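No experiment lies behind these values; they were computed from the predicted model shown. A, B, ... follow the sequence lines: proteins, then strands. Residue 1 opens every chain.
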2 protein chains.
Amino acid sequence: MARRSEHTREQLRDLMLEAAEQLIVDKGLAGLSARAIARQIGYTPGTIYLVFANLDELILHVNARTLDRLRVPMQAAVAATDDPEQQLLGAARAYADFARSHPNLWRACFEHRLPEDVAGPDFIDARIAQLVELIMAPLARVSGAEGAALDAAAQSLWSGVHGVCILTLTGKLHMVGGQATEHLTDDLVTHYLAGLVMRAAPADAR
Amino acid sequence: MARRSEHTREQLRDLMLEAAEQLIVDKGLAGLSARAIARQIGYTPGTIYLVFANLDELILHVNARTLDRLRVPMQAAVAATDDPEQQLLGAARAYADFARSHPNLWRACFEHRLPEDVAGPDFIDARIAQLVELIMAPLARVSGAEGAALDAAAQSLWSGVHGVCILTLTGKLHMVGGQATEHLTDDLVTHYLAGLVMRAAPADAR
DNA sequence: GCGCGATGGTGAACGGCGTTCATTATCGGC
DNA sequence: GCCGATAATGAACGCCGTTCACCATCGCGC
């Protein structure tokens, strides 16, 4: 017992994040435990606390990685065209697609709850802000909105897409005529955008 | 030990649901435990399993109650006016208001996860369907939609409002210019409806 | 070549959890 | 007044997150 320097702190950190990620992918947040991570990487639970303050912090870092990975396809969707409406549709579809392909990782980002009195760390907030900012420019272009109105549009649209993903992926919406995630995100985005554009430049005023 | 018939099964059931509800209200789903419920009602944990199959089932029944209570103000909002757009706005506001006044109960309905392989019970699905159905009639009136298109509209609109509530209430949206829940629901509903109506009867066709 | 201080890592322990079940105290009916 | 049925217990099992005294190992100074 008591090996020395088998891995550096950094290596250990990566091993733990990797193992935790795999556990979440396989069995969801509920399947994650300090003991399971330790077992997976051949250490004891105590070692985890040499690297992270507690399990919550470890999970937050897994989530940060997930949010980074989620940004890639969304960014690609925005870069794929110059039509701002298509950019927004693409981003929403990329979001929904990521959520559907990595349900447990994606859900971990939003289901994980810190203790009542602890605030989320900046490195998570910043990554969420990055995602919302991705859609700001196209949204400004289609709607002509700016300032607080633009902020509101970005937040409500993004939240809306998020809501569709959550409810369809957790099976809380499979009632009569339950619809596919993609279909509903498209419906939400196109109608919201149409309404937003109309409000900005009403047909009556043409 | 081993008191007999101090309460009937029904009374015991209600005591447990009441105690569980209070625990969730006070400390969230995470603060709920079989031992805490038992302590609260003066029984031992084992007794719970004479009434419910397991804690999950008990939580599902608390959630069913919560959904029933949520329906009341939404129904009232729909009954308060004849203008379908105002009915929809009112229902959304009622939803957001309920979520904000009973955050822990409301969140319990959506954060509680059954084991991977267990399907949600009908008595929850039915109550969610009831909520969505509340907005079907007004939505049909404003948009003229019917059939699958109407289903899709109801689901994406409701999911969207839900998403706004989740992200604002869990503090996952307090970035630059973070907006109030009510403001964002109004924004989402009005713009979505405007877009939906326009699509149904475009201004160009007038 | 050797001892020693620093330290990475351990593993046992604490108090919690959900759940099960043999056991017991109490009841209604005979 | 007994007896079978049963409501409720509480101890037990195997988990959990987290802490910490301890020790095996390393690199350094001699």
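Here D:dC20 presents its C1' atom at 13 Å from OH of A:Tyr49, a figure rounded to the nearest Å. Here the P atom of nucleotide C:dT19 and the CD1 atom of B:Ile59 are 9 Å apart, to the nearest Å. Going from atom NE2 of B:His7 over to atom C1' of D:dA7 covers 13 Å, rounded to whole Å. Note: CG (B:Leu29) to P (C:dG18) measures 12 Å, nearest angstrom.
As judged by a 4.0 angstrom heavy-atom cut-off over every strand, A:Ile48 is placed among residues making no nucleic acid contact. Contact annotation for B:Leu58: no contact, since no heavy-atom pair falls under 4.0 Å across all strands. Residue contacts for A:Ile37: at a heavy-atom cut-off of 4.0 Å it reaches no nucleic acid atom on any strand shown.
Between A:Arg69 and A:Glu21 a salt bridge is recorded (basic side-chain N to carboxylate O distance below 4.0 Å). Classification of B:Glu18 and B:Arg65 as a salt-bridged pair holds, one side-chain N sitting under 4.0 Å from a carboxylate O.
Of the N and O atoms on the side chains of A:Asp14 and A:His7, not one donor lies less than 3.5 Å from an acceptor on the other residue. A donor-acceptor pair shorter than 3.5 Å cannot be found between the side chains of B:Tyr192 and B:Asp187.
Of all nucleotides listed (D:dT9, C:dG9, D:dT18), D:dT9 comes nearest to the side chain of B:Thr44. Residue B:Tyr43 has its side chain nearest to D:dT9 when only D:dT9, C:dG9, C:dT19 are considered.
Phosphate proximity of D:dT9 to B:Thr47: present, with a side-chain N or O under 4.0 Å from OP1 or OP2.
Other residues, nucleotides and ligands contribute over 12 non-hydrogen atoms within 6.0 Å of the CD atom of B:Glu57.
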Grab the N/O contacts between the protein and nucleotides 14-17 of chain C below 3.5 Å, and write none if there aren't any.
{"residue": "C:dC17", "atom": "OP1", "partner": "B:Ser33", "partner atom": "OG", "Å": "3.1"}

Between side-chain atoms of residues 95-105 of chain B and protein atoms elsewhere (two or more places apart, or another chain), which donor-acceptor pairs fall under 3.5 Å?
{"residue": "B:Tyr95", "atom": "OH", "partner": "B:Trp106", "partner atom": "NE1", "Å": "3.2"}
{"residue": "B:Tyr95", "atom": "OH", "partner": "B:His162", "partner atom": "ND1", "Å": "2.8"}
{"residue": "B:Arg100", "atom": "NE", "partner": "B:Glu182", "partner atom": "OE2", "Å": "3.2"}
{"residue": "B:Arg100", "atom": "NH2", "partner": "B:Glu182", "partner atom": "OE2", "Å": "2.7"}
{"residue": "B:Ser101", "atom": "OG", "partner": "B:Asp97", "partner atom": "O", "Å": "2.4"}
{"residue": "B:Asn104", "atom": "OD1", "partner": "A:Arg113", "partner atom": "NH2", "Å": "3.2"}
{"residue": "B:Asn104", "atom": "ND2", "partner": "B:Ile24", "partner atom": "O", "Å": "3.4"}
{"residue": "B:Asn104", "atom": "ND2", "partner": "B:Val25", "partner atom": "O", "Å": "3.1"}

